[in-house]
Student: 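Just passing along the structure, written as structure tokens.
These numbers come from a predicted model, not from an experiment. Letters A, B, ... mirror the listed sequences (proteins, then strands); counts begin at 1.
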Amino acid sequence: MELDSLYQEVILDHYRSPHHKGLSANKDIQVHHNNPSCGDEVTLNLSMKGGVVTDLTWDGVGCSISMASTSVMSDLLVGKGYKDAMNILDNFVELMQSKGQSVGDESILEDAVAFAGVSKFPARIKCALLGWMAFKDASSQVMQ
Amino acid sequence: MSIDLSSCKKDFPIFERKVRGGNSLIYLDSGATSQKPNSVIEAESNFYRTVNAAVHRGAHLLAEEASEAYESAREKVAAFIGARSNEVIFSKSATESLNIIAYSFGNPDSRINIKAGDQIVVTEMEHHANLIPWQQLAKRTGAELRWLSVTADGRIDLTNLDQVITKKTKIVAITHQSNVLGSILPVETIVKASRAVGALVVLDACQSAPHFALDVKKLDIDFLAFSGHKTLGPTGIGVLWGKFDLLEKLEPSLFGGSMVDSVTMESATWAATPRKFEAGVPNMAQAVGLSAAIDYLNHIGMHNIAQHEQDLTSYLLKGIVGISGVKVIGPVDMKDRGGVVSFTVEGVHPHDVGQVLDQYGIAVRTGHHCAWPLMRKLNLVGTTRASLYLYNSKSDVDSLLESIEKVKSYFKVSK
């Protein structure tokens, strides 16, 4: 079923048991992003040391795609340097814009390739990108 | 007695196409926009094919015929809501209609206007289109925005009506039927309270005018707005109705061609009501399309449409309340409610509910439905909303109910 390409098991697992969810007490910066068209919200706490992501926690309300994507992203980006993180982010954005033509580079995106199917559902791309855009905003502010 | 409208569906060509999964379209999103019958599509395109010219200008035959078609549409709309044709203003949308009057009331040159210290009353269940224009008017003028609350069962709380609507209240702007909850507001009670303090009543009829007969005189209101595209008509056409003597006292809010009486380099005077509110070349083909939509509705009969939707809504409510883990957001009884049914599925986000339904060809709306304050009040992130119209059938409702079970099993929500 077409739906299965969207709701990969990895996505549903992260939705049911999200990682890094629950805001940390300490952070360098906190950002809040939302999708005004559907009401999904993510608050993200970020700490970086020497240009490396040392802690990333988040909280939010939203659909399976937005919540799972933020969860997978957190796993992927903790411990990464800013440049590496931006490369992963760019790869993910590219995958989202691929209209179902790309399967994603697993060596870079790891579990995030599970979101490849989202690119076939234009209305859901912004869901998948919500947490990532929050991270982009937060990390670029820390790096300034 | 139930009404059989099953023969209507063939008039709507969109139902001939297939959607996701190769399924036939089950369209349950008419609260967002309605589908269009052939007669409307033809009326709009025939305007371009046969009479296209800018109305109210030009000395040629086409301009005469275009003006005639446009003004006939105005008369058609007026008769549809029990008004006089010189009280009907065409806009691009109901949103624009509401903005037009909010801006006109904010103009100090209007002989009726909003000033600092005045109060504007809305309800907590307004669509953003009947909330933000009044928020902004209050902000511009120093007036105070107040509101009637919503109760837990999705009705308007009238217990403090006389504390909310006071002697300082100048405008009471309310929806006729909630686009989220389906509840029909007690307009008569609210009008009475408004009249008692001399406040004017603005009715957002977007979810009512397409679905049941209404008469602005019987409602005893002062202004009304509805959209063409939710009424089987084209997009790009909205209606603003106001009592003639009130419209006369208001300044326009959009300026330019068509709406003037005389112009010099320093100043201008306005054309007669309603044309002073219609700046620029209007959406003529869309007005003509709306006229054809009203013909279609009248041909079927608004009473029959209302009865059909009541029957279907009752059938839907009976079925949906029996599904475990599903909660209806809004009244579950048929008293004063229309064919808009919002619900939540425990453990599944509305967006995901809508996605699975889409896989079975069922089109619903998900999210906050442009009524974010209402969602906050009800402590919801959003709902899934099924909204019915004349082309829907019991089998559409059956498909929805069956597919909600499929949503639950897909997301492994037990119970």
Side-chain angles (χ1 to χ4, degrees), chain A residues 1-18 21 32-43 58-72 96 99-100 114-134, chain B residues 18-23 29 32 127-129 131-132 180 329 342 344-385 403-414:
Chain A
M1 185 161 66
E2 207 177 346
L3 214 50
D4 297 335
S5 71
L6 178 66
Y7 295 116
Q8 299 275 309
E9 210 47 52
V10 174
I11 295 178
L12 295 177
D13 286 347
H14 273 268
Y15 178 50
R16 292 192 193 102
S17 319
K21 195 176 176 193
H32 180 84
H33 278 219
N34 70 332
N35 269 339
S37 62
C38 59
D40 286 7
E41 298 182 47
V42 161
T43 304
W58 61 280
D59 205 353
V61 286
C63 65
S64 59
I65 304 295
S66 66
M67 297 296 102
S69 181
T70 307
S71 173
V72 168
M96 288 303 99
K99 298 183 174 160
F115 292 87
V118 175
S119 69
K120 286 187 279 187
F121 295 83
R124 306 306 295 273
I125 295 169
K126 65 182 185 340
C127 307
L129 289 176
L130 179 65
W132 294 79
M133 290 303 121
Chain B
K18 298 290 179 204
V19 289
R20 196 135 17 221
N23 289 292
D29 198 17
H127 186 282
H128 295 164
L131 169 63
I132 304 172
V180 179
I329 308 300
S342 266
T344 56
V345 180
E346 199 180 335
V348 190
H349 190 275
H351 213 155
D352 294 317
V353 175
Q355 191 78 58
V356 178
L357 295 180
D358 178 56
Q359 189 62 40
Y360 298 101
I362 302 173
V364 292
R365 174 84 186 264
T366 64
H368 54 59
H369 314 292
C370 298
W372 221 335
L374 176 63
M375 291 294 129
R376 291 186 206 279
K377 173 68 181 269
L378 299 173
N379 212 7
L380 293 167
V381 295
T383 71
T384 304
R385 180 189 73 179
S403 300
I404 292 172
E405 293 288 2
K406 290 175 187 161
V407 170
K408 287 172 60 185
S409 71
Y410 194 84
F411 281 92
K412 302 189 175 73
V413 183
S414 51

Student: Is any residue of residues 350-363 of chain B within less than 4.5 Å of chain A by heavy atoms, and which ones?
Tutor: B:His351, B:Asp352, B:Gln355, B:Val356, B:Gln359, B:Tyr360
Student: Are side-chain heavy atoms of B:Lys412 and A:Arg16 found at a separation under 4.5 Å?
Tutor: yes
Student: Out of curiosity, B:Arg20 CZ to A:Leu3 CG, how far, rounded to the nearest 0.5 Å?
Tutor: 9.0 Å
Student: Suppose we screen for side chain to side chain donor-acceptor pair (under 3.5 Å). Which residues come up paired with B:Lys377, at least two apart in sequence or across chains?
Tutor: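 Residues passing side chain to side chain donor-acceptor pair (under 3.5 Å) with B:Lys377: B:Glu124.
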Student: Kindly give the heavy-atom pair with the smallest separation between B:Phe411 and A:Ser64, and that separation in Å.
Tutor: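 In terms of heavy atoms, the two residues are closest at CE2-OG, 4.2 Å.
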Student: Tell me, side chain or backbone of A:Leu12 under 4.5 Å from chain B's heavy atoms, or both, or neither?
Tutor: side chain
Student: Go through the structure and list residues passing side chain to side chain donor-acceptor pair (under 3.5 Å) with A:Ser69, not counting sequence neighbours.
Tutor: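 Partners of A:Ser69 under the side chain to side chain donor-acceptor pair (under 3.5 Å) test: A:Trp132.
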Student: Please look at A:Tyr7 and chain B and tell me whether the side chain, the backbone, both or neither of the residue comes under 4.5 angstrom of a heavy atom of that chain.
Tutor: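 Contact with chain B is through both the backbone and side chain of A:Tyr7.
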Student: Write out, in numerical order, the residues from residues 367-375 of chain B with a heavy atom short of 4.5 Å from a heavy atom in chain A.
Tutor: B:Gly367, B:His368, B:Trp372
Student: Side chain from CB out, backbone as N, CA, C, O: work out which of these in A:Ser37 comes under 4.5 Å of a heavy atom of chain B, or both, or neither.
Tutor: backbone
Student: For A:Asp4, which atoms come within 4.5 Å of any heavy atom of chain B: side chain, backbone, both, or neither?
Tutor: both
